Structure formats: C-alpha cells, structure tokens
Amino acid sequence: MSRDGRVNRRQFLKGALTAMAAPGVIVPAVLSSAGRADAAGQSTLSVIRLDDPYRATVESVRRLGGMRAFVPSGAAVLIKPNIGWDRRVEQGANTHPEVVRALIEMSLEAGAGKVIILDRTCNDARRCYRSSGIQDMVESLSEGRVSLEFVRENRFRKVRFPHGKLVREWPLYTVALDADVLINVPVAKHHSISGLTLGMKNLMGLMGGNRGTFHSRIDQKLADLTSALRPHLNVLDATRILVRNGPSGGRLEDVRVLNTVAASADPVALDAFGTTLFGLEPSAIGSTVAGHEMGLGEMDLARVRVLEG
C-alpha cells in the first residue's frame, strides 16, 4: 500500500490474481476450440464500470478467468490497441494507455515471454505513439520483455482467407501472424464510413497494402479479416467514447465519458455490446451482422452470458 493509503497497481493486480482462486468467484471456461464460448457453448462478456481504467480492465479480464486463461507461460503476446491518430488521451481517438498498461502487466504476471504493442497508424506514427500516451506508458514500465514497435512496410506477408467472402487474401503483419496470443484493444468511437469503429474494425491496423479499398463493402470485408486473424481476447475501451466526427475526432465536446471496459473472447459479442453504448441495436452495424452470419460470434446479447460489475 502506498503512503497515502491507496493500493498501487501491482498490489491491485496481485490481489485480483489471488481472488481468482477464492470461493464464490466466477471463473467460466473460455478456452473452447473457437476461443470464444464457455463450457456450455455460450459466449461470455464481462462489463466493468469504474472510474479507474486500469482497475476496470483488470476486473474485466478477471471475470473471464484471468489472463492465464488466454496467455500460456512463455507466450509471445501481441497487444493491438488503436494508436492511429495524433490525438491526446482525453480526445478519445486512441485506446487509453492505462487500459493497455493493465493488459501488459497481466500478460507478464501470467508468464508471457514477451509482449509487443503496435499499430499501423493513419497519422505520423511517431507523433501518434507519443501523443496517445502509449509510448510514455511503455517507457515507464522499464521492462525488457515489453516493446513498442513501429510497423515496417517490409514485414507484411500475404495470407489466404479460407472463409473470406469478398477478401480471399491480403498482406497481414508478420508479428500478428507469428504471435502466440493476439489481444485486440479497440476504443469505441464513431466512424464516418462503417458507422462505428470497434473490435473488428481495429484489426485493420494489422493490414498492409491499400487499406482504402476496404471501404467499399466494408462490413463483409471486416468480417473476412476477423475470420483470418481471430483474436484470442478482445477488450473494449469505452472509458470515454467518441460520439461524433470519428474516427479522428479532435473536439472534446464530441467525447462522452462512460468509465466502462468490456472484455470477451467473442469479437462479435463485444462489438454488439459496444454498439449499444451509442444508443443503437447491434443489427445497426453491418460488420457485426456479417461476423455473426459467418459464425464468428454471437450478436444477440440475450444469448450472451454477461458478467457486469
């Protein structure tokens, strides 16, 4: 405990890991063959509302069984936040650095051999990484197993999408393809083309080539992309959401503070929930519908096991 009586991050994280083994704590099985359903075949979604993004993130993952349910000892973990824009934390265009910090530290506690954080940005990468607060956060960890990497254009590999309906192959980043565990960490916000940008849309930051061509019939293409990458864990940063002028934003009056973090191994269920934060039905976002139709997850939240806190 710190001198002012507050529990610090490391103490909080260790306490959460200990609590996983305590009687009465719900620890659903999340490691099905599809990586998204519990032992009964039902998708599980945890939703935590706290004004501390770090603690909300830890609790959201703990409700799913903790990070050890997703990260084996020695695993190479890729954490993919949205760092696409040269915007400050409070502007809501990028994933909150404290959400990312929690996922990094949980991965290390679970025994990850290395943790990599990256995004193929839309604005200048060096400015995005710094303005977002992600770079300062990673540097503050002083942890040799953790690296914030810039995307290199010569490190994409063309991949076949066996289940793709519109996209049959596309160059994807080799770090994502080679990682043992992919954790997708979008921020919830408005998007001028897709309606919203949530988890499935966030995976575009792992694509090479001309991503602009994805904007035609984007809904099905995002589902095709998700079918090829299949994150092991999806964590939605809705600590503050961008309700207008997305995806880049810039105006504080377009940001709404919700102090919410949600997590699920099911990317469709997570996006379905994220849609409701904007006062919309999951069916309003075409990529969610397309993902459900492809069998990537459940969009009917009445059929999802929701753990709220």
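Just so you know, residue 1 is the first one in the sequence shown, and it goes up from there. Excluded from the calculations below are hydrogen atoms, water molecules and symmetry mates; all remaining heavy atoms, backbone and side chain alike, are included. All figures in this text were calculated on a predicted structure; none of them were measured in a lab.
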Enquirer: So is Arg157 actually on top of Tyr173's ring, under 6.0 Å and inside 45° of the axis?
Expert: no
Enquirer: Is a salt bridge present between Asp254 and Arg251, judged by a nitrogen-to-oxygen distance below 4.0 Å?
Expert: yes
Enquirer: Between Arg55 and Asp52, is there a salt bridge with N-O shorter than 4.0 Å?
Expert: yes
Enquirer: Do the non-hydrogen side-chain atoms of Ile241 and Thr260 ever get within less than 4.5 Å of each other?
Expert: no
Enquirer: Find out whether Ile285 and Ser194 are in side-chain contact, i.e. whether some heavy atom of one side chain is under 4.5 Å from a heavy atom of the other.
Expert: no
Enquirer: Do the rings of Phe214 and Trp170 sit parallel, tilted or perpendicular, given the 30° and 60° boundaries?
Expert: perpendicular
Enquirer: Should Arg305 and Glu298 count as an ion pair when the cut-off is N to O under 4.0 Å?
Expert: no
Enquirer: Indicate yes or no: does Glu59 engage Arg63 in a salt bridge with an N to O separation below 4.0 Å.
Expert: yes
Enquirer: With a 4.0 Å cut-off on N to O distance, would you call Glu253 and Arg244 a salt bridge?
Expert: no
Enquirer: Check whether the side chains of Asp237 and Thr239 place a donor and an acceptor atom closer than 3.5 Å, and report yes or no.
Expert: yes
Enquirer: Spell out, yes or no, whether Val306 and Leu198 are grouped together once hydrophobic residues are joined by side-chain heavy atoms under 4.5 Å, including indirect joins.
Expert: yes
Enquirer: Does atom CZ of Arg217 have more than 12 heavy-atom neighbours from other groups under 6.0 Å away?
Expert: no
Enquirer: Any ion pair linking Lys165 and Glu293 (charged N to carboxylate O, less than 4.0 Å)?
Expert: no
